[in-house]
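I have placed the structure first, in the form of structure tokens, so that the comments after it can refer back to it.
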2 protein chains.
Amino acid sequence: MPTIKEVAKAAQVSVATVSRVLNQDKNVSPQTRQKVLEVVRQVGYTPNMLGRNLRRKNTERILVLIPSLSNQFLSGVIRGVESAAKQKELQVMISAAHNDREAEQGYLEMLYNRSVDGIILVGSTLDQEELSQLAGQYPLVMCSEWVEGANVSAVGIDNEQAAFDAVNALLASGRKKIAMVSNEEVYSARLRTQGYRRALEQAGLPHKREYEVEHYEYTYRAGMRACRMLMALPEPPDAIFAVSDELAAGVCKALIEQGIIPGREVDVFGFDNTTMSKVVTPSISTVSQPRKRIGGTALELLWERMEHPEEKPRLVLLPHELVLRDSSQHR
Amino acid sequence: MPTIKEVAKAAQVSVATVSRVLNQDKNVSPQTRQKVLEVVRQVGYTPNMLGRNLRRKNTERILVLIPSLSNQFLSGVIRGVESAAKQKELQVMISAAHNDREAEQGYLEMLYNRSVDGIILVGSTLDQEELSQLAGQYPLVMCSEWVEGANVSAVGIDNEQAAFDAVNALLASGRKKIAMVSNEEVYSARLRTQGYRRALEQAGLPHKREYEVEHYEYTYRAGMRACRMLMALPEPPDAIFAVSDELAAGVCKALIEQGIIPGREVDVFGFDNTTMSKVVTPSISTVSQPRKRIGGTALELLWERMEHPEEKPRLVLLPHELVLRDSSQHR
DNA sequence: ATAGGAACTGTAATCGATTACATGGAGGTG
DNA sequence: CACCTCCATGTAATCGATTACAGTTCCTAT
């Protein structure tokens with residue numbers, strides 16, 4: 001791998017001139033430019049980014065740090081990030097923190113040690129204090145999942161309202177005994193539980209404690225377990241709202257195992273509009289988030305932080321939509 | 001963000017000494033070490049990786065380049081890469097190339113320009129020539145999906161044999177009209193088609209051209225389309241083998257739409273043992289690959305290339321397993 | 001007592017680029 | 001012709017670390 005020095009020698013110019021050619025500096029005569037480019041092509045020179053980055057003090061690279069890779073919804077968000085990043089000529093890298101605090105901190109350190117120019121963080125194991133402090137010093141924004149009270153730019157949907165809407169859809173088709181499968185560890189899920197409660201309250205329905213089932217994983221197994229618990233109650237629910245499609249798919253599977261067809265005796269509602277909600281039979285009603293727009297906005301917010309670090313962080317809420325399918329009655 | 005120079009001044013030592021302390025060089029007296037560490041903690045110093053990387057000529061960072069993020073199977077593979085990388089103290093970054101040649105080349109350039117120390121490539125749009133050349137110069141290995149004839153280390157399963165086994169399982173339960181949904185653009189799928197044909201041949205069955213359906217996507221929609229085509233044939237198949245679970249799920253969905261229950265009149269077999277194959281009803285028989293082991297081995301192969309670039313690339317095939325579920329008859 | 005070596009520390013070169021500043025020549029103007 | 005400007009190019013400083021080499025001190029063995 002040749003260096004700029006070797007190129008300079010071969011082209012019989014100084015390294016400065018080579019650098020100018022490569023960085024489109026106008027102060028180069030057409031002939032020298034030609035000659036340099038010729039040599040560059042001939043020896044197959046590519047600038048060493050380690051040198052460039054050190055001098056420029058940046059990398060033109062950002063990191064998207066997500067909790068887990070096997071998340072269809074997030075892959076849509078990342079598509080949004082990628083296409084917005086392309087506009088700004090930023091390279092996008094992804095890493096998974098797996099809800100491991102140490103791993104997360106290891107990746108966040110890339111801000112300190114300048115390995116990346118900024119980070120888009122999806123969820124976090126850090127607290128509001130730590131996040132606010134970090135975001136105050138470095139370009140850091142949150143996306144889809146954020147932390148209550150943290151002074152960090154963020155983008156997502158209005159989770160409380162979305163859950164409220166979903167539950168109202170169930171109420172509208174006559175359901176009265178609506179259960180919820182949630183996860184109090186995640187802020188977005190807590191908000192959804194609040195929306196669920198508000199909808200019940202507004203409809204004048206009591207909200208029974210035993211209708212709120214907790215699970216710390218968004219897996220279909222957890223959904224199955226939750227469903228079995230709910231259906232074993234003295235007064236089983238006639239609708240189940242889960243905070244993710246995979247949970248909802250598990251709920252449906254457990255119902256089917258018991259001979260109950262989702263959408264008939266019991267309605268099921270999911271969240272995120274993933275492929276799974278479309279593929280399973282019956283298909284699952286769900287809340288759709290504008291994934292690509294969320295990702296694109298996250299990048300814009302990050303850019304804002306990079307260009308104007310002094311400005312205040314802001315929260316952007318984008319509109320959600322209900323997608324009604326066979327797992328819930330409707331007309 | 002303080003630099004090593006400022007730390008040195010504050011600790012009243014030279015930058016060399018600070019560097020020695022930070023890099024566990026034994027030639028430092030306990031007192032100075034103490035003092036330096038004190039200052040480091042106090043000012044919150046973190047070494048700037050851009051400087052370190054330039055000097056050391058490496059980044060201790062590798063890239064896993066995959067075609068798409070929304071792939072449950074690959075996320076397991078990456079878990080395997082991550083845990084093996086942890087042992088070697090390498091940081092793992094992931095990027096998606098989306099089958100876009102330009103995007104792929106942009107990421108591969110990170111080898112040339114030293115942004116990463118090595119790349120694990122899952123599939124590629126490059127040809128054997130280009131890949132061989134690249135892998136000859138830089139640490140590059142392929143994983144799960146590789147390219148015929150490329151002189152590159154790779155790890156995966158024996159796709160031909162796996163398909164052979166899957167089709168034999170269908171034959172064993174009495175199926176005779178077995179169709180296949182494949183993708184001739186992908187080498188692993190071509191191998192699977194070969195295994196399918198070999199199984200039919202060995203069973204003395206003709207392989208009908210119209211039973212081999214092509215699709216260039218691994219989506220459930222493509223699976224549905226393929227299934228509708230197959231079932232519209234004058235002599236529809238009594239079993240359908242798809243090269244991915246998502247395709248298989250689409251096949252099942254289309255069957256159900258026609259009132260046919262997978263596993264009764266028509267068997268369905270998928271590939272990869274993803275969550276989806278378990279969640280859908282009926283659950284789908286599939287081929288399971290040792291994902292984490294594949295990922296771990298990919299990292300070991302990459303490490304081999306990094307440490308001993310002169311040694312010949314090698315191909316590692318790991319064992320697969322059939323997972324029989326409700327979508328296929330069996331006893 | 002002195003040579004030799006070990007232990008500790010500092011000076012300065014180095015990695016590969018970018019870029020501020022200096023320089024020299026061409027061309028224009030009064 | 002003298003002077004100024006502008007363009008093209010080169011020289012050298014710089015980014016922030018690591019590390020080869022050199023120097024100093026002090027201990028030990030003869």
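Numbers restart at 1 for each chain; the letters A, B, ... are given by sequence-line order, proteins then strands.
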Between the side chain of A:Thr32 and the main-chain N/O of A:Val28, is any donor-acceptor distance below 3.5 Å? no
Rounded interatomic separation in angstrom, taking NZ from B:Lys5 and C1' from C:dT11: 13 Å
Checking the side chain of B:Glu104 only, and the main-chain atoms of B:Thr125 only, is there a donor and an acceptor separated by less than 3.5 Å? yes
End-to-end bend of the helix from C:dA1-D:dT30 to C:dG30-D:dC1 (five-pair axes, 10° rounding)? 60°
So, the side chain of A:Arg101 versus the backbone of A:Ser124: is there a donor-acceptor pair under 3.5 Å, distance only? no
Measuring from atom CD of B:Glu82 to atom NZ of B:Lys86, what distance do you get when rounded to the nearest 0.5 angstrom? 9.5 Å
Can you check the B:Met1 CE to D:dC15 P distance for me, whole Å? 12 Å
Measure CG/A:Leu22 against P/C:dT18 and give the value in whole Å, please. 7 Å
Would you say A:Glu6's side chain and A:Thr3's backbone share a donor-acceptor pair under 3.5 angstrom? yes
Residues in residues 34-62 of chain B with a heavy atom under 4.0 Å of DNA chain C, by number, are B:Leu54, B:Arg55, B:Lys57
Heavy-atom donor-acceptor pair, B:Thr46 side chain to A:Asn113 backbone, under 3.5 Å: no
Is there any protein nitrogen or oxygen under 3.5 Å from a nitrogen or oxygen in nucleotides 8-10 of chain C, and what are the pairs?
from: C:dT9; atom 1: OP1; to: B:Ser29; atom 2: OG; distance (Å): 3.2
from: C:dT9; atom 1: OP1; to: B:Thr32; atom 2: OG1; distance (Å): 2.9
from: C:dT9; atom 1: OP2; to: B:Ser29; atom 2: N; distance (Å): 3.0
from: C:dT9; atom 1: OP2; to: B:Thr32; atom 2: OG1; distance (Å): 2.8
from: C:dG10; atom 1: OP2; to: B:Ser14; atom 2: N; distance (Å): 2.9
from: C:dG10; atom 1: OP2; to: B:Ser14; atom 2: OG; distance (Å): 3.1
from: C:dG10; atom 1: OP2; to: B:Thr17; atom 2: OG1; distance (Å): 2.7
from: C:dG10; atom 1: N7; to: B:Arg20; atom 2: NH1; distance (Å): 3.4
from: C:dG10; atom 1: O6; to: B:Arg20; atom 2: NH2; distance (Å): 2.4

